[in-house]
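Take a look at the structure below.
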Amino acid sequence: MHLESRLNNSFNYPEVTIVLPAYNAQKYIKDTFKCVLSQIYKNLKIIVVDDGSTDQTLDIIKKLSQNDKRVIILSKENGGLSSARNYGLAHVTSEYVTFVDSDDYIDTDYVTKLMEPFLLNDNVMISLVKYVRTSFYSANDFSNNNKIEFLKRDAGFNKCLLQYKGYDVSAWAKMYKTNLFEENKYLDGITYEDLEIIPKLFSEINQDGMIAYVDCVKYQYMRTPNSIITGSFQERDLDILEIVRNGLAFVEQRLPNSREAYIAKAIAATFSVYRKAIRANGEKEDRSKIFETLKWLAKQVNMRSGLTKKEIIAFLVLMLGERGSIPLVRMLSKFLKEG
């Protein structure tokens, strides 16, 4: 019997915990939670963290999980996504953990596909599946493939940073050895917390530790009105500026072989915030801060290593100058269907 089939039919495989933070998600949580409850991996625990919801989110969760012994519901005062994830992690007792956001969709074998690499290679510390960004759920957007690529830590981190063909630095669409979070927590009160923590998690892995890339789409990230991509520009979006500066210093010290890949991701993330500020007609002072950070990042690039497409576009924007780049940025945002 194929390993995947055995994974779906045995309680003898390692316990996995899904951490699902939820805050005022009554519009989406029913469909998302049903996806989680429908996982075919047997040895599963589901920790739902209600982050102080004031709508029907908690009631929906309780109703759907009645008599389901896999589900643990935790309630806390509202503290934000990072706080909710940390609260859930504090209650994880399994060796493996994965995350799902309260407005997204996962395939029924999401956990199975993420777990398989750990059973094939004892050195795996993180596994990843692909995701698609969409506005409407479709079962046809999921895909199946048994191909798994095993990479050593630095090569694995670089592939993650470069968002290679459907992979990303996000908390979700990954499974982690839970001990990676023993010394690392999501930073409370910030936006882009995934980019802040991801270098720290990889730095906990030794040089021979493996990162597994599973070549199939098992996660659908929904473009909701309040998502980071489509939401309006806010002061908290400026968090990215400190994150990338501190992150680059950390990578240079702890993960030097990933320096260029980190800069590429930092430019992509900062440029995304710049587009958001332009779309929303943000304050000139805020736009200037973002533009200056882009200029600083551009100076860090080693031109001999080659440039990503996003770096090339960012360089073009910088050449046009802050004022001159606005029409191009607006056109690009429209093409990318942002906002």
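- Side-chain atoms of K265 and N158 form no donor-acceptor pair, as typed in the model, at a separation below 3.5 Å.
- Two residues are said to be in side-chain contact when any heavy atoms from C-beta on lie closer than 4.5 Å; D286 and F233 meet this criterion.
- Considering only heavy atoms from C-beta on, I73 comes within 4.5 Å of S65 through its side chain.
- With hydrophobic clusters built from ILVMFWY side chains whose heavy atoms lie under 4.5 angstrom apart, V132 does not share a cluster with L162.
- Identified under the ring-ring contact (aromatic ring centres under 6.0 Å, His included) test for residues 64-85, with sequence neighbours left out: none.
- Salt bridge absent: E242 and R245 never bring a charged side-chain N and a carboxylate O closer than 4.0 Å.
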Which atom pairs, one a donor and one an acceptor, fall under 3.5 Å between side chains of residues 120-129 and the rest of the protein, sequence neighbours left out?
| residue | atom | partner | partner atom | Å |
| --- | --- | --- | --- | --- |
| N121 | OD1 | N123 | N | 2.8 |
| S127 | OG | L114 | O | 2.8 |

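- Around atom NZ of K159, more than 12 heavy atoms belonging to other residues, nucleotides or ligands sit under 6.0 Å away.
- By the 4.0 Å N-to-carboxylate-O rule, D101 lies close enough to R85 to be salt-bridged with it.
- Taking CD1 of I198 as the start and SG of C160 as the end, the distance is 5.0 Å to the nearest 0.5 Å.
- A salt bridge is defined here as a Lys NZ or Arg NE, NH1 or NH2 lying under 4.0 Å from an Asp or Glu carboxylate O, and D50 with K76 fails to meet this definition.
- Between I240 and L195 there is a side-chain heavy-atom pair separated by less than 4.5 Å.
- Checked by atom type, the side-chain pair S258/D154 shows no donor-acceptor distance below 3.5 Å.
- Here I263 contributes atom CD1 and T270 contributes atom OG1; the two are 11.5 Å apart, rounded to the nearest 0.5 Å.
- Between Y131 and S170 the shortest side-chain heavy-atom distance does not fall below 4.5 Å.
- Between F136 atom CZ and R223 atom CZ the span is 10.5 Å, to the nearest 0.5 Å.
- A heavy-atom distance below 4.5 Å is not found between the side chains of D51 and P21.
- The CZ atom of F33 lies 11.5 Å from the OG atom of S102; values are rounded to the nearest 0.5 Å.
- Under 3.5 Å, the side chains of Y186 and D194 contain no donor-acceptor pair of N or O atoms.
- Judged purely by distance below 3.5 Å, without hydrogens or angles, the side chains of T98 and Y110 pair a donor atom with an acceptor atom.
- In this structure, the side chains of S138 and Y105 stay at 4.5 Å or more apart for every pair of heavy atoms.
- The hydrophobic cluster containing Y219 does not contain L81, counting ILVMFWY residues as joined when their side-chain heavy atoms lie under 4.5 angstrom apart, directly or transitively.
- Taken from CD in E322 to CD in E292, the straight-line distance is 7.5 Å, to the nearest 0.5 Å.
- In this structure, OH on Y96 lies 4.5 Å from NZ on K177, to the nearest 0.5 angstrom.
- Proximity of D215 to K130: side-chain heavy atoms (C-beta onward) are separated by under 4.5 Å at one or more points.
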